[in-house]
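Everything on this sheet refers to the single structure shown next.
Given the structure is predicted, the values throughout are model-derived calculations rather than measurements.
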Amino acid sequence: MVEISVDTERCVGAGQCVLSAPDVFDQDDDGIVTVLEANPDADQAAEVVQAERICPAQAITVREG
């Protein structure tokens, strides 16, 4: 299981997170990241970690538990 937090003040709206994990992340009307599922299933963990790694603003934090 992973836990996600985002810093919307750092988000630049690149959308890489949505492309990596579309069931977990979305963007609001301004392009800022929103979290659809803060505690995704284990089978989504790799996608979520990928989203964290490629976020150009480093706005996503993933904690594995």
Side-chain angles (χ1 to χ4, degrees):
M1 176 183 249
V2 296
E3 182 179 312
I4 302 167
S5 61
V6 297
D7 183 346
T8 56
E9 297 295 320
R10 295 182 77 168
C11 179
V12 295
Q16 296 301 307
C17 55
V18 178
L19 294 173
S20 295
D23 293 332
V24 177
F25 298 102
D26 199 358
Q27 292 175 282
D28 68 13
D29 291 339
D30 294 323
I32 302 301
V33 63
T34 61
V35 178
L36 301 174
E37 179 59 62
N39 300 103
D41 295 335
D43 57 339
Q44 295 172 308
E47 297 171 349
V48 172
V49 170
Q50 175 69 9
E52 177 189 36
R53 288 184 182 148
I54 65 173
C55 177
Q58 299 179 340
I60 300 170
T61 301
V62 178
R63 293 179 187 87
E64 297 186 42

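Under the side-chain contact (heavy atoms from CB on, under 4.5 Å) criterion, Q58 pairs with R10, not counting sequence neighbours. With sequence neighbours left out, E64 forms a side-chain contact (heavy atoms from CB on, under 4.5 Å) with V2, V49. With sequence neighbours left out, the side-chain contact (heavy atoms from CB on, under 4.5 Å) criterion links D30 to D28, I32. Shown here are the side-chain contact (heavy atoms from CB on, under 4.5 Å) partners of V6, two or more places apart in sequence or in another chain: I4, T8, F25, V33, V35, I60.
For the atom pair R53 CZ and Q50 CD, the distance stands at 7.0 Å (nearest 0.5 Å).
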Counting only pairs under 3.5 Å, give me each side-chain donor-acceptor contact of residues 15-24, with atom names and distances, residues two or more places apart or in other chains.
| residue | atom | partner | partner atom | Å |
| --- | --- | --- | --- | --- |
| S20 | OG | Q16 | O | 3.1 |

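Residues A14 and P56 come closest through the heavy atom pair CB-CG, 3.7 Å. Heavy atoms only, all atoms of each residue included: G13 and Q27 are closest at O-NE2, 3.3 Å.
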